[in-house]
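Both counts, for ligands and for their atoms, begin at 1 and track the order of listing. Reckoned from all heavy atoms, side chains included, excluding hydrogens, waters and symmetry mates.
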Amino acid sequence: MCTLGNLKMQSFSPFSSLYFFLLLTTPILSGFVITALTQDGFCSAPSIFDSDADSDSSSQPLYWKVTNPTLSPSHLQDLPGFTRSVYKQDHALITPESHVFSPLPDWSNTLGAYLITPAIGSHFVMYLAKMQENSKSGLPPSDVERFIFVVQGSVILTNVSGNVHKLTVDSYAYLPLNLDHTVEADAAATLVVFERRYYGLENHVTEQIVGSTDKQPLLETPGEIFELRKLLPTSLAYDFNIHIMDFQPGEFLNVKEVHYNQHGLLLLEGQGIYRLGDSWYPIQAGDAIWMAPFVPQWYAALGKTRSRYLLYKDVNRNPL
Ligand SMILES: NC(=O)N[C@H](N)C(=O)O
Ligand SMILES: [Mn+2]
């Protein structure tokens with residue numbers, strides 16, 4: 001039996017005239033009916049009017065929407081063939097319903113989804129690593145540097161000198177090329193990983209870095225209103241940086257950027273509109289974006305909560 005206010009409807013057949021009257025006469029009322037029916041627990045159609053979606057966010061762990069996106073396939077009733085993902089010559093949007101996980105080469109008990117690879121035109125890879133119970137990382141190929149950022153769970157990082165660090169959500173590590181290390185998890189954990197062949201400069205060397213976003217200072221952003229943190233040193237030794245950019249709802253990039261640098265982006269929190277070239281995309285936490293050099297790019301944060309994204313950017317090298 002489904003309950004609608006004081007109205008109790010026994011054997012609520014979809015062919016009953018009351019049902020048709022309510023459902024077809026006013027779209028608003030029909031939304032209300034569907035909500036009431038699904039909340040009663042008897043009718044099983046998933047509600048697309050889920051007002052709880054954001055209201056209980058405060059009780060959830062940090063970045064939980066990356067692994068539990070609002071518009072998951074179940075919210076879209078798993079529409080056959082539906083995806084927001086887009087693949088174009090100078091950008092790509094890769095949304096969670098198109099992630100394809102398979103065992104990561106050299107890692108144990110870990111599934112990976114490569115979201116950006118050189119096949120798309122990038123000089124770096126960006127992937128999600130879903131570590132399971134008793135899992136362990138493999139090493140990147142020789143001369144490749146690695147950056148890991150924890151979006152769910154926790155991992156233990158150990159390097160060749162025996163230094164051990166526990167990395168929890170919002171923590172990260174940079175591992176210089178050819179540095180022997182392991183990342184281990186004894187329970188489920190999700191990492192976003194960036195790797196690229198290091199572009200060395202004479203007399204400059206990088207070092208292992210371990211940190212957490214909330215310990216990084218806010219940096220000046222002249223002409224912009226978003227909040228910016230950089231997770232790596234800005235010194236010449238580092239050939240890329242990872243930016244954490246925060247926008248309150250309604251805030252947007254002032255510069256309609258076009259630049260030589262490449263980007264790999266993961267939206268950690270919030271919702272908004274990303275402009276890439278001549279296309280405008282609604283995006284939400286969990287979405288990943290590839291931006292080729294010179295693709296026009298712009299973001300406006302919408303929704304009710306802060307937008308935060310993590311952004312790979314190659315820096316400090318002459319593009320020639
Ligand atoms: N798309 C971006 O957010 N780009 C950055 N503002 C950047 O290039 O630093
Ligand atoms: Mn940019």
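Of the protein's non-hydrogen atoms, Glu257 OE2, 2.6 Å is the one closest to atom 6 (N) of ligand 1. Ranking the protein heavy atoms by distance from atom 9 (O) of ligand 1 puts Lys313 NZ, 2.9 Å first.
The cluster map of Ile, Leu, Val, Met, Phe, Trp and Tyr, joined by side-chain heavy atoms under 4.5 Å apart, puts Leu104 and Ile116 in the same cluster. Hydrophobic clustering keeps Tyr281 apart from Leu115 (ILVMFWY residues linked when any side-chain heavy atoms are closer than 4.5 Å, directly or through intermediates). Cluster membership for Leu157 and Val144, using ILVMFWY side-chain heavy atoms within less than 4.5 angstrom, is not shared.
At a cut-off of 2.8 Å, measuring from the Mn ion (ligand 2), the protein N, O or S atoms that fall short of it are Glu257 OE1, His259 NE2, His263 NE2, Gln297 OE1, waters left aside.
Between Arg229 and Asp246 a salt bridge is recorded (basic side-chain N to carboxylate O distance below 4.0 Å).
Heavy-atom neighbours of Glu207 CD from other residues, nucleotides or ligands within 6.0 Å: at or below the threshold of 12. Counted within 6.0 Å of CG on Asp278, heavy atoms from surrounding residues, nucleotides or ligands total 12 or fewer; the atom is thus considered open.
Between Tyr172 and Phe147, a ring centre-to-centre spacing shorter than 6.0 Å is recorded.
Classified by interplanar angle (parallel below 30°, tilted 30° to 60°, perpendicular above 60°), the ring pair Phe252/Trp298 is tilted.
The Tyr309 neighbourhood of ligand 1 comprises atoms 1 (N), 2 (C), 3 (O), with distances under 4.0 Å to a heavy atom of that residue. Residue Tyr274 has at least one heavy-atom neighbour below 4.0 Å for each of these atoms of ligand 1: 1 (N), 2 (C), 3 (O). Atoms of ligand 1 found under 4.0 Å from any heavy atom of His259 (numbered from 1 in listed order, with element): 8 (O). Of all the atoms in ligand 1, the ones that sit under 4.0 Å from a non-hydrogen atom of His243 are 9 (O).
With a heavy-atom cut-off of 4.0 Å, Leu311 touches ligand 1 through its side chain alone. Residue Tyr299 does not touch ligand 1, judged by heavy-atom distances below 4.0 Å.
Within the 4.5 Å cutoff, the side chain of Arg196 has heavy atoms near those of the Glu145 side chain. Taking 4.5 Å as the limit, every side-chain heavy atom of Glu133 sits out of range of all side-chain heavy atoms of Asn109.
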